[in-house]
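Notes follow the structure.
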Amino acid sequence: MSGSSVSARMSATPRLTIWQRLRLRSDFVANENLKFRFGMRIDDEAWGHGYLTAANPTVAIEPYLAYLQFKFPGTDIELTAGYQPLSVPHTEVFYDSIVLAADDGDQSSAALHVNIPVSENLSVQAAYGRLLSANRTYQQTTPQVGDAFDVYQLALPVTADGFAATPWGLVGVYGKGADPDGLFNAGLLSAGSYLNTTGYPYKDNQNAMWWGGLALTVEALDPVKFYADAIYGDAAPGDRERNRRRGYFIDAGITYSGFDWMLPGLFGWVASGEDSSLSNGSERLPVITPKWGPGTSFLFDCDQEFGNNSIGVDPTGTWGLAASLRA
């Protein structure tokens, strides 16, 4: 039998893959002012693999939500504390944030969030989150090495008839030893930082990172709706120039909701990209946990039901146009 015959025979063999997952959320409500949510999950897996293997399954159950929500007595100020979805504002037509996303509640952070209503049209939202803490309570070496990644967020949602705008800011303090597993390397580091020989991505023990943005939605011309976001970020501006990463990201979309059976949309985005030098750092927007996509897209990791249903294209440093027809 020739090699080509084997290839043809193998490619003709039918394959069936069945995926399964479980989400269980429980709400414990004392009254309208005091609530607790607890969520457990068994993540996406194919039959016959991982925890769905016969006779020898791997451990797969994990908590993904555990937070207390309460109102300050005598006010409408709401506090949420614990392991909760944490993201920065982004227009809904692009699913979630390109910088820090909660993935529709499926991605959580240890955080404290405060929502202060100022009026019917304005509120103040502030949050603190600890995204990484490599050594927890005790340092493994002396002198002390920064081992935590903390973020501080402020947003001012403004609404009016047919209009919504949310200016926001995010500041991070990144310890150079906070991410030994490289969980956020792809989104935060520059190519030049890999030239470091110390085993750390930065020279300074701790580095500041900041982002600022605006999320804008206009529905005054309903059924035509307009969406736009503008973001700029700068990671490690005080470290060696080659370790710095800074850039912008802008997106815009328009949808027409006049049909009962279909939602057409047009989308576009543009972002700063790399130049030819490693010595001056990266010119792409730094991102932490991005979940972004125009409309509904198989290219970008966004609103797919299962975790492996996209190609996983990185939108930072790119530009593009897209059209979608959503049922």
Side-chain angles (χ1 to χ4, degrees), residues 18-47 49-53 57-72 76-92 94-115 123 125-134 136 148-153 155 157 166 168 170 172 178-179 181 183-184 187 287-293 296 300-310 312:
I18 300 175
W19 289 81
Q20 179 175 322
R21 70 176 181 182
L22 171 69
R23 300 288 189 277
L24 178 62
R25 288 192 298 246
S26 301
D27 289 327
F28 304 89
V29 181
N31 53 58
E32 62 179 6
N33 298 316
L34 180 60
K35 309 170 186 177
F36 180 79
R37 169 166 286 188
F38 183 68
M40 300 286 289
R41 70 181 175 194
I42 303 177
D43 229 340
D44 309 348
E45 188 57 271
W47 283 15
H49 190 268
Y51 70 86
L52 297 176
T53 302
T58 59
V59 177
I61 298 176
E62 62 179 3
Y64 76 105
L65 295 169
Y67 60 86
L68 180 70
Q69 190 172 79
F70 61 95
K71 289 186 177 180
F72 196 78
D76 289 327
I77 299 174
E78 187 174 70
L79 292 88
T80 307
Y83 197 53
Q84 60 183 291
L86 178 66
S87 64
V88 296
H90 209 102
T91 53
E92 62 181 4
F94 292 101
Y95 180 64
D96 209 329
S97 170
I98 187 71
V99 174
L100 176 64
D103 195 13
D104 196 26
D106 203 39
Q107 191 165 272
S108 296
S109 303
L112 173 66
H113 183 273
V114 182
N115 182 47
S123 62
Q125 297 178 354
Y128 159 75
R130 171 149 288 183
L131 306 187
L132 294 171
S133 182
R136 295 185 294 181
F149 182 22
D150 295 336
V151 293
Y152 306 84
Q153 178 190 343
T166 305
W168 59 269
L170 182 72
D179 192 6
D181 297 323
L183 300 176
F184 297 161
V287 297
I288 304 172
T289 54
K291 290 284 184 178
W292 178 94
T296 179
F300 307 101
D301 186 7
C302 52
D303 59 352
Q304 296 83 11
E305 291 298 327
F306 288 101
N308 295 319
N309 282 9
S310 72

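Between Phe36 and Phe38, the two ring planes are parallel [angle under 30°; tilted spans 30° to 60°].
Taking all atoms of both residues into account, the shortest heavy-atom contact from Trp168 to Ala155 is CB-CB, 4.0 Å. Closest of all the heavy-atom pairs between Ala101 and Lys291 is CB-CB, 3.6 Å. Pro85 and Ala102 make their closest contact through CB-CB, 3.6 Å (heavy atoms, listed as atom of the first residue, atom of the second, distance). Nearest heavy atoms, Asp104 versus Asp96: N-OD2, 3.7 Å. The two residues Ala111 and Leu86 make their nearest non-hydrogen contact at CB-CD2, 4.0 Å. Closest non-hydrogen pair, Ala178 versus Ala134, comes out as O-CB, 3.7 Å.
Contact annotation: the side chain of Ser87 never approaches that of Asp103 to less than 4.5 Å [non-hydrogen atoms, C-beta and beyond]. Residues Pro290 and Asp301 fail the side-chain proximity criterion, which asks for heavy atoms closer than 4.5 Å. Using a 4.5 Å cut-off on side-chain heavy atoms (C-beta onward), Arg25 and Tyr64 make contact. Looking only at side-chain heavy atoms (C-beta outward), Gln153 and Pro89 come within less than 4.5 Å of each other. For the pair Gln84/Ser108, no side-chain contact is recorded, criterion being any heavy-atom separation below 4.5 Å from C-beta on. Considering only heavy atoms from C-beta on, Arg21 stays 4.5 Å or farther from Arg41 through its side chain.
For the atom pair OG of Ser123 and CD1 of Ile77, the computed distance is 11.5 Å after rounding to the nearest 0.5 Å. Considering CG of Leu68 and CG of Leu34, their distance stands at 5.5 Å, rounded to 0.5 Å. Ile288 contributes atom CD1, which lies 12.5 Å from atom CG of Leu183 (distance to the nearest 0.5 angstrom). His90 contributes atom NE2, which lies 11.5 Å from atom OG1 of Thr166 (distance to the nearest 0.5 angstrom). Here NZ of Lys71 is found 11.5 Å from CG of Leu79. Values are rounded to the nearest 0.5 Å. Between the CG atom in Leu24 and the CD1 atom in Ile61 there is a gap of 10.0 Å [rounded to 0.5 Å].
The pair Asp27-Arg37 meets the salt-bridge criterion, with a side-chain N (NZ, NE, NH1 or NH2) lying under 4.0 Å from an Asp/Glu carboxylate O.
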Q: Might you work through the side-chain contact (heavy atoms from CB on, under 4.5 Å) test for Phe184 and Leu132, ending with a clear yes or no?
A: CA-CA 10 Å; Phe184 297 161; Leu132 294 171; 3.7 Å; yes
Q) After noting the C-alpha distance and the side-chain angles of Leu52 and Ile18, does the key distance pass the side-chain contact (heavy atoms from CB on, under 4.5 Å) rule? A) CA-CA 11 Å; Leu52 297 176; Ile18 300 175; over 6 Å; no
**Q.** Criterion side-chain contact (heavy atoms from CB on, under 4.5 Å) on Trp292 and Val99, from CA distance to verdict
**A.** CA-CA 9 Å; Trp292 178 94; Val99 174; over 6 Å; no
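Under a cut-off of 6.0 angstrom, the local environment of CD in Glu62 is crowded, with over 12 non-hydrogen atoms contributed by other residues, nucleotides or ligands. Around atom CZ of Arg23, more than 12 heavy atoms belonging to other residues, nucleotides or ligands sit under 6.0 Å away.
Gln20 and Trp47 form a side-chain donor-acceptor contact under 3.5 Å, judged by distance and modelled atom types alone.
In this structure a side-chain-to-backbone donor-acceptor pair under 3.5 Å is missing from Gln125 to Pro157. Between the side chain of Tyr51 and the backbone N or O of Asp43 there is at least one donor-acceptor pair closer than 3.5 Å. Between the Thr80 side chain and the Gln69 main chain, no donor and acceptor come within less than 3.5 Å of each other.
Residues passing the ring-ring contact (aromatic ring centres under 6.0 Å, His included) test with Phe70: none are found, sequence neighbours excluded.
Aromatic pair Tyr152/Tyr128: centroids less than 6.0 angstrom apart.
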